> 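Please read through the structure below; I'll follow up with questions.
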Number of protein chains: 2
Amino acid sequence: MDVRITSEDGEAVSLRHGLLGLLAEGPASGYDLARRFEEHLGPVWPAQHPKIYAELSRLSDAGMIEVDSHGPRGRKAYRITDAGLAEIRRWLTEEKVDHTLRIESVLRSFFFWLMETDDLQAHLRREQEFFAETAAVARGYAAAKDRGDFGTSEQTRSMRVAIEAANRIYQALADWAEWAQTVPPAVPAGDGED
Amino acid sequence: MDVRITSEDGEAVSLRHGLLGLLAEGPASGYDLARRFEEHLGPVWPAQHPKIYAELSRLSDAGMIEVDSHGPRGRKAYRITDAGLAEIRRWLTEEKVDHTLRIESVLRSFFFWLMETDDLQAHLRREQEFFAETAAVARGYAAAKDRGDFGTSEQTRSMRVAIEAANRIYQALADWAEWAQTVPPAVPAGDGED
DNA sequence: ACCTCACATGTACTTAGGGACATGTACCTT
DNA sequence: AAGGTACATGTCCCTAAGTACATGTGAGGT
C-alpha cells in the first residue's frame, strides 16, 4: 500500500505540500488556507481557493489530513495527521527541489528590442517601481518580525527566512530594472560605448 | 473579426508570445524553438516540445505565423507574419505584466522549522551551491556577450539584459541561502540573540 | 426588520503543462 | 553495409491551474 501522494513517479506538486506545511502549524479551514496563501505564500506560490478545496479533499482521502472541527457557516477545519507530517518531512528532506523559475518580466526582456525606446523606458520605470515597492513591503514584514510582532516561534523564524528571500529577489529585480534603463537602446554606427 | 489570441479575455499566456518573439528574430522550426527555449529561456520560462508544436499550430491557424520552408526530415520552418509582429508588439506594450513568481525553494523555506537542523544546513548548502553555479553560468554568458561573441545586434542587446536578470536573481538566491545558514535554528530558552 | 459584508465551501469548465509513447529520416562513423 | 546519434514532428493522456459561476450563513450596523 503506497501512501505517497505524488503523481505517479516522484515529482513535485508543491501546492499539496504547501497546504500540508501550513496545516503542520495547526488546524485551519480551506478559507483560512486560501487567505494565508494569498497573503504570505502568494508572491512565491499562487493558489486559488477552488484548487485548495480540491487538494484538501484529496489529502483527506489520502489520510494526510482529517477534519478537526466544524464551525459556524459550514466551516470545516482540518488537522494534519501523523502520515501527513511524515509526508511533508519526507518531501522537505528527500524530494529534490524543482529549481524552475517562471518570471514573465524576464521573459519579456528577451524581446525588448521589439519595443520603441520610449515605451521601453516607461515600461522599465513601471517595473522598477513595482519591484521596489514590493521589496519595501517585504522589508516592512521583516522589520515587524524582528521587532517581535509575530512572536518568536520556530514557524515565524522560518517565515523570517522566507521574507528575506522575497526581499532579496524583489530588490534584485528592482535594481535590474533600474540598470536596464541605463543600457543604450542600440548602436547607430559602429561606434558606441562599452 | 477578432484576431487577438489570448484566451477569451486579455490574459497572459506567455509561451505563445515567447514563440512569437523568437520568430521575430527570423524563421525557425519547432525543433529549433524547443532548443532555444531549453537553452536560453529555459531558466525563466520552461517549455517542452509537445507544447511548442501545439502552439505553433494554433499560431499558424490564427495567422500569426506561416510556414517559411520545408527542410530535410520533415522539417518545417515558420516565419512570423505582420499580424504576428503586431501581436507581439501589442503584448509587450499594452498587456500588463504578470508578476506572479513561482519559486519552490522559497516556498520550502516557510517550512524549514519542520526540518532537522543538520538536514536543513545540508539543504541550504546544496541550494547555495546550485544558485551560485547557475549565477556563474549567467556571468559567463554575460562576459561572452560583452566580448562580442554574439555580435552586436539589437536582439543580443536584449539578451544581455535578460542574462543580467538571471545573474542578479541567482546571485540573490545564492546569497540568501548563504545567509539562511547563519540564522540560528531555534531559541532554546527565552534568551537568545536578536 | 433589513441590508450588507465578510465568511465559507464548493462545482463546472477551459486552458496550460508535462511525461510517455510513437515514428521516421539524414548524417556520420566504422 | 550496418549501426548509432542527432534531427524532427507529432499524439495521447493525465494533472495542474485558473476563471466564472453558484450557494448559503452569521454578524454587525442602521
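The sequence lines fix the lettering, A, B, ..., with proteins before strands; numbering per chain opens at 1. It should be emphasised that the depicted structure is a prediction, and the values quoted were computed from it without experimental measurement.
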> Please work out which residues in residues 21-41 of chain A have a non-hydrogen atom less than 4.0 Å from an atom of DNA chain C and list them by number.
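When residues 21-41 of chain A is checked for heavy atoms under 4.0 Å from DNA chain C, the hits, listed by number, are A:S29, A:G30, A:Y31, A:R35.
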> Would you mind reading off the distance between A:K51 atom NZ and C:dC13 atom P, rounded to a whole angstrom?
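Going from A:K51 (NZ) to C:dC13 (P), I get 18 Å.
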> A quick test of your reading: do over 12 heavy atoms of other residues, nucleotides or ligands sit less than 6.0 Å from CD of B:E116?
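No, CD of B:E116 has 12 or fewer neighbouring heavy atoms, counting only those of other groups under 6.0 Å.
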> Starting at OH of B:Y53 and ending at C1' of C:dG24, how long is that distance when rounded to a whole Å?
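Taking atom C1' of C:dG24 as the reference, OH of B:Y53 is at 13 Å.
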> Counting only heavy atoms not in A:E38, do more than 12 fall under 6.0 Å of its CD?
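No, CD of A:E38 has 12 or fewer neighbouring heavy atoms, counting only those of other groups under 6.0 Å.
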> Taking the side chain of B:W45 as heavy atoms from C-beta outward, which of C:dA26, C:dG17, D:dA17 is closest to it?
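Ranking C:dA26, C:dG17, D:dA17 by closest atom to the B:W45 side chain puts C:dG17 first.
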> Looking at B:W179 and A:A165, would you say the former's side chain and the latter's main chain have a donor-acceptor pair under 3.5 Å?
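Answer holds: no.
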> Specify the residue among A:S57 and A:R73 whose closest nucleotide of DNA chain C lies further upstream toward the 5′ end.
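Nearer the 5' end of the strand: A:R73.
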> Answer yes or no: is there a side-chain heavy-atom contact under 4.5 Å between A:R75 and A:S69?
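Heavy-atom side-chain distance check fails, nothing below 4.5 Å.
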> Do B:I65 and B:E55 come close enough that some side-chain heavy atom pair is under 4.5 Å?
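When only atoms from C-beta onward are counted, B:E55 and B:I65 do not touch, as no gap falls below 4.5 Å.
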> Please pick, from C:dT9, C:dG17, D:dA17, the nucleotide with the shortest atom-to-atom distance to any side-chain atom of A:K76.
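Minimum distance to the A:K76 side chain belongs to C:dT9.
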> Atom CG of A:L56 to atom P of C:dT11: distance rounded to whole Å?
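Whole-Å distance recorded here is 12 Å.
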> Rounded to the Å, how far apart are A:H49 NE2 and C:dC7 P?
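Value for this atom pair: 14 Å.
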> C:dT15, OP1 or OP2 - any side-chain N/O from B:R16 closer than 4.0 Å?
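For B:R16, the contact criterion (side-chain N or O under 4.0 Å from OP1 or OP2 of C:dT15) is not met.
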> May I ask you to test the B:F112-B:R108 pair for a side-chain heavy-atom distance under 4.5 Å?
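They are in side-chain contact.
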> In whole angstrom, give the distance that lies between atom NE2 of B:H70 and atom P of D:dT9.
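The distance from NE2 of B:H70 to P of D:dT9 comes to 11 Å, rounded to the nearest Å.
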> Could you tell me how far apart A:R75 (CZ) and D:dA27 (C1') are, to the nearest whole angstrom?
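Result: 15 Å.
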> In whole Å, what is the span from the CZ atom of B:R58 to the P atom of D:dT11?
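About 14 Å, once rounded to whole Å.
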> Answer yes when A:R126 and A:E129 have at least one side-chain N-carboxylate O distance shorter than 4.0 Å, and no when they do not.
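No.
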> Given atom CD of A:Q48 and atom C1' of D:dA20, what is their separation to the nearest angstrom?
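One finds 12 Å between C1' of D:dA20 and CD of A:Q48, rounded.
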> Nearest nucleotide by nearest heavy atom, which residue falls closer to the 5' end of DNA chain D, B:R102 or B:P72?
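The 5'-side residue here is B:P72.
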